[in-house]
Amino acid sequence: MCPRKTASHPTQEELVRTYLLPPEVCSLLNPAAIYANNEISLRDVEVYGFDYDYTLAQYSDTLHPEIFNAARDILVEQYKYPEGIRKYDYNPSFAIRGLHYDIQKSLLMKIDAFHYVQLGTAYRGLQPVPDEEVIELYGGTQHVPLYQMSGFYGKGPSIKQFMDIFSLPEMALLSCVVDHFLGHGLEFDQAHLYKDVTDAIRDVHVKGLMYQWIARDMEKYILRGDETFAVLSRLVTHGKQLFLITNSPFSFVDKGMRHMVGPDWRQLFDVVIVQADKPSFFTDRRKPFRKLDEKGSLHWDRITRLEKGKIYRQGNLFDFLRLTEWRGPRVLYFGDHLYSDLADLMLRHGWRTGAIIPELEREIRIINTEQYMHSLTWQQALTGLLERMQTYQDAESRQVLAAWMKERQELRCVTKALFNAQFGSIFRTFHNPTYFSRRLVRFSDLYMASLSCLLNYRVDFTFYPRRTPLQHEAPLWMDQLCTGCMKTPFLGDMAHIR
């Protein structure tokens, strides 16, 4: 129960501020900071690599309704889906990245690092599925056997994980179509519906519709282009070698880079590879590099070296390593997709990796709010009380424990809704890391909201991860609480481009 203020009892807010927040705690995290999962010194990095979409080029959220609407119309016009689907508009507040979709159950849900569904975050169509039904669907448990139902890259066959930012309109459309079929009592095959929606979203990319929208109005869609230029120029000035590996076509990349960097952008890169077909680029040895001319036409000659200023298509990482001799921890590669961009590079080849997580900026701003800090601190206090007081089993004690449990659950729901009303934070369930967070920690040395965060640090800066206490360890160091605070080094020095 929330304590009321009396002559001898402080309010809940006074309790939190006076007794529960540690002394000298730094109250604000910096959304422009870089966060480390693994110790890494930039002094040791000689070669920097980049993905293009959502890494070098950050896109406005206004792109998502365009993708949603185009794919929705493809379903109606080409796949002959009901006209009623056109009534649905894109809802940017519905889904978050990292969710799983059980194809046969038409269930979109959030799963934690231990493969348990977070109750209250399972949706069929646009409607929440009761906790009891979710548990029944998985044989009386919240546990989902992901290793039986989904492969390493999260692509099925039974469960798909939505990992990239382009998947937000896909999840929204999938949920809207299911909602229409269920709401009108129409029978459908779950696997066919899932494949049709996925194919419609893919057509938006493959047919070049998205590329056309962005190319027509780059000021509208591309964000922080000047900061991307500043990052690349700074690295080159300090003698670093740069390369680009992207799945996007050259004509699209060229227009975007000219907009952000200028017509001579290729002079900044030692190697440029387009239409690389990641993630198979990192594992398939069979595809050779092909050279492109200025018009995008393919050359037929065999590639024996990768030349600065030239454009190459496809290829594979094994030939790339042989031709460049860029190996191991002296290479740092940045991308937004944990599987397609980073996983193989870290696990198979020992490169250092940096994940670009645009959602991080918004989530940190929420974490910095008074409401979040107050709610989370009081939750932790209640959890501690429940743990210590559960040995008291008399009737009055059980009543108090039940009240505390109820209040704790209410606070959890309030905290979840601060991030997203349906699914909460992309990084946490109520208390555990999400499955997305688990992959983020496993596949990235560093993570940040955008590439421009590099401008806040020297090029020889060393990133130290917090020594997060294990369950049997006590937190001993106050700097555990202050890593990533607002006093990011060199932030003021770069103010002229922010």
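- Here Leu42 contributes atom CG and His238 contributes atom NE2; the two are 11.0 Å apart, rounded to the nearest 0.5 Å.
- In the model, Glu170 has a side-chain atom that pairs as donor or acceptor with a side-chain atom of Thr198 under 3.5 Å.
- Note that CD1 of Ile366 is 3.5 Å distant from CZ of Arg362, once rounded to the nearest 0.5 Å.
- Proximity of the aromatic rings of Tyr59 and Tyr54 is defined here by a centroid distance below 6.0 angstrom, and this criterion is met.
- Donor-acceptor pairing under 3.5 Å is recorded for the side chains of Tyr339 and Gln161.
- Taking the six-membered ring for Trp and the full ring otherwise, the centers of Phe243 and Trp326 sit less than 6.0 Å from each other.
- Considering NE2 of His259 and NZ of Lys255, their distance stands at 13.5 Å, rounded to 0.5 Å.
- Residue Glu325 places its CD atom among 12 or fewer non-hydrogen atoms of other residues, nucleotides or ligands, all under 6.0 Å distant.
- Within a 6.0 Å radius of CZ in Arg43, no more than 12 heavy atoms belonging to other residues, nucleotides or ligands are found.
- Residues forming a ring pair (Phe, Tyr, Trp, His ring centres under 6.0 Å) with Tyr52 (at least two apart in sequence, or on another chain): Phe252.
- There is a side-chain donor-acceptor pair under 3.5 Å between Ser280 and Asp277.
- Rounded to the nearest 0.5 angstrom, Asn91 CG and His64 NE2 are separated by 13.0 Å.
- Using a 4.5 Å cut-off on side-chain heavy atoms (C-beta onward), Trp351 and Met346 make no contact.
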Criterion ring pair (Phe, Tyr, Trp, His ring centres under 6.0 Å) on Phe166 and His205, from CA distance to verdict: CA-CA 10 Å; Phe166 287 131; His205 296 274; 5.1 Å; yes

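- Other residues, nucleotides and ligands contribute at most 12 non-hydrogen atoms within 6.0 Å of the NZ atom of Lys195.
- Taken to the nearest 0.5 Å, the NZ atom of Lys110 stands 12.5 Å off from the NE2 atom of His100.
- Applying the 6.0 Å contact sphere to NZ of Lys291 captures more than 12 heavy atoms from other residues, nucleotides or ligands.
- Summarising the local packing, CD of Glu46 is surrounded by more than 12 heavy atoms from other residues, nucleotides or ligands at distances under 6.0 Å.
- Between the side chains of Glu39 and Thr462, no donor-acceptor pair of N or O atoms lies under 3.5 Å.
- Residue Glu219 qualifies as open at atom CD: its count of foreign heavy atoms under 6.0 Å is 12 or below.
- Defined by atom type and a distance below 3.5 Å, a donor-acceptor pair is present between the side-chain atoms of Thr415 and Gln379.
- Heavy atoms from other residues, nucleotides or ligands lying under 6.0 Å from CZ of Arg442 number 12 at most.
- Remark: the Thr353 side chain and the Ser444 side chain contain no N/O donor-acceptor pair separated by less than 3.5 Å.
- Between Arg428 and Asp112 there is no side-chain heavy-atom pair separated by less than 4.5 Å.
- With rounding to the nearest 0.5 Å, the separation of CD1 in Ile222 from CG in Leu56 is 10.5 Å.
- Taking the six-membered ring for Trp and the full ring otherwise, the centers of Phe94 and Tyr123 sit less than 6.0 Å from each other.
- Shown here are the ring pair (Phe, Tyr, Trp, His ring centres under 6.0 Å) partners of Phe463, two or more places apart in sequence or in another chain: Tyr457, Phe461.
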Less than 3.5 Å apart, which donor and acceptor atoms pair up between the side chains of residues 297-304 and the rest of the protein, not counting sequence neighbours?
none

